[in-house]
Protein chains: 2
Amino acid sequence: MTNSVAPTRRRGSDKRDRLVAAATQLLLEQGIERTTLADVAAAANVPVGNVYYYFKTKDDLVAAVVTGYIERAKAVLHEIEIKYRTPKARLRALVRQLTAHGDQIAETGCPVLCSELGKRAGIDLSQSELMKNPLVWAEDQFRSLGRTDARELSQQLMADYEGSALLSNTLNDPSILRAMSRRLLAWIESM
Amino acid sequence: MTNSVAPTRRRGSDKRDRLVAAATQLLLEQGIERTTLADVAAAANVPVGNVYYYFKTKDDLVAAVVTGYIERAKAVLHEIEIKYRTPKARLRALVRQLTAHGDQIAETGCPVLCSELGKRAGIDLSQSELMKNPLVWAEDQFRSLGRTDARELSQQLMADYEGSALLSNTLNDPSILRAMSRRLLAWIESM
DNA sequence: GTCTATAAATCGATAGAC
DNA sequence: GTCTATCGATTTATAGAC
């Protein structure tokens, strides 16, 4: 009984990881529908046909990208909890984290891909950890601050972030995201 | 010299209009890339091949949809200017207008399609009237209120709208958009 | 496990009859 | 102007050699 799993992760080959990494970047830059498996394979230096050894369908590859994003986000939230002990400091850290790569966001748009994912069949984003995790996390922080409207505040925070990311991308102007970041930090400070 | 134009609008046929109307709805519901010309033709009750009599390419059809959106938005802003004379009343009317069809927005997402349009070749959204018109219009209203940071306020307004529309769609919850509407109205009121 | 070659399906676009 | 039939390119996916 070895500890090998599925037709995935095996010692000595990082092809699967390279494919997910390449897909993560390309899906963001070009969008899901405009990115072909050939694009991904080329960027990962993997022959096209071999992609199907690791992912049965394109949807599976997209799902792997989303899972990767969810895991990274989870790790970031966990690190913030360890590093900062007060709700305010944690919320500030979240805002800084979200807007940290502002220039890239201005180029690629919302890094969550939700507007596209929601239009793909078989995905119920409202139940996905993709948005739920950060929303619930921020809600918990606001509640720790004694706010009874924690849910609404959390949604407001994420909406402000997503909206300014979208506008930054549309107008190709990173300063919009930075302005929103300043505003959110002041807002949290004033609580 | 008649008043007929291009291979378009002719007395007695509304095929072109039907195609644009069908495309407008389908692009919103399914996204640009996932909507085929066959989809549009079927929804408009027009044979597939005939689409190309009215639009040389799919991009042309998309452009017609965008133009239609820009014209309608322009008309709405113009009507608001006629109906309301103070900047505050005008801004309130804009917010109400933007969030008027909240339930549909929760289903289809941002009605401006900017996240998808930006990823299509040959479109510079930062120069398009699509976002520029409402942004400049709101900026003018804020400036009339004596605000020197009118530009930033206008961007903030549109980012809040886009973000809450996106989140409403992602979580399939129209109340998020309504909450943002209330918040924006109070914000304008307090100026 | 890896890769090449190719099948199968989809879709944008065109030709040409009416 | 309208419509049918179909081409050609692209892309997802599979078969099968190594």
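The chains referred to below are lettered A, B, ... by the order of the sequence lines, with proteins before strands, and numbering in each begins at 1.
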Nearest-angstrom distance from the residue atom [atom1] of [X] to [atom2] of [N]:
X	N	atom1	atom2	value
B:L26	C:dC11	CG	C1'	15 Å
A:N50	C:dC3	CG	C1'	7 Å
A:N45	C:dT2	CG	P	14 Å
B:D14	D:dT2	CG	P	10 Å
A:K15	C:dC3	NZ	C1'	9 Å

*Would you mind listing every side-chain hydrogen bond (donor to acceptor under 3.5 Å, both in side chains) that reaches into residues 77-91 of chain B, with sequence neighbours excluded?*
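Non-adjacent pairs meeting side-chain hydrogen bond (donor to acceptor under 3.5 Å, both in side chains): B:E81-B:W137.
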*With a cut-off of 6.0 Å (strictly less than), are more than 12 heavy atoms of other residues, nucleotides or ligands near CZ of B:R151?*
no
*Could you tell me which residues satisfy salt bridge (charged side-chain N to carboxylate O under 4.0 Å, His left out) with B:E152, sequence neighbours excluded, listed by chain and number?*
none
Only counting residues at least two apart or in another chain, list the ones meeting side-chain hydrogen bond (donor to acceptor under 3.5 Å, both in side chains) with [X].
X	value
B:N133	B:E129
B:T67	none
B:S168	none

*Can you name the residues that form a side chain to side chain contact (heavy atoms under 4.5 Å, CB included) with A:E29, not counting sequence neighbours?*
A:Q25, A:L26, A:T108
Kindly give the atom pairs (protein nitrogen or oxygen, nucleotide nitrogen or oxygen) under 3.5 Å for nucleotides 10-13 of chain D.
unit_1: D:dT12; atom_1: OP1; unit_2: A:K58; atom_2: NZ; d: 3.2
unit_1: D:dT12; atom_1: OP2; unit_2: A:L37; atom_2: N; d: 2.9
unit_1: D:dA13; atom_1: OP2; unit_2: A:K58; atom_2: N; d: 2.8
unit_1: D:dA13; atom_1: N7; unit_2: A:Y52; atom_2: OH; d: 3.4

*Partners meeting ring pair (Phe, Tyr, Trp, His ring centres under 6.0 Å) with A:Y161 (sequence neighbours left out)*: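 In terms of ring pair (Phe, Tyr, Trp, His ring centres under 6.0 Å), with neighbours along the sequence ignored, A:Y161 is linked to no residue.
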Show me the protein contacts with nucleotides 16-18 of chain D, counting only N or O atoms at under 3.5 Å.
none

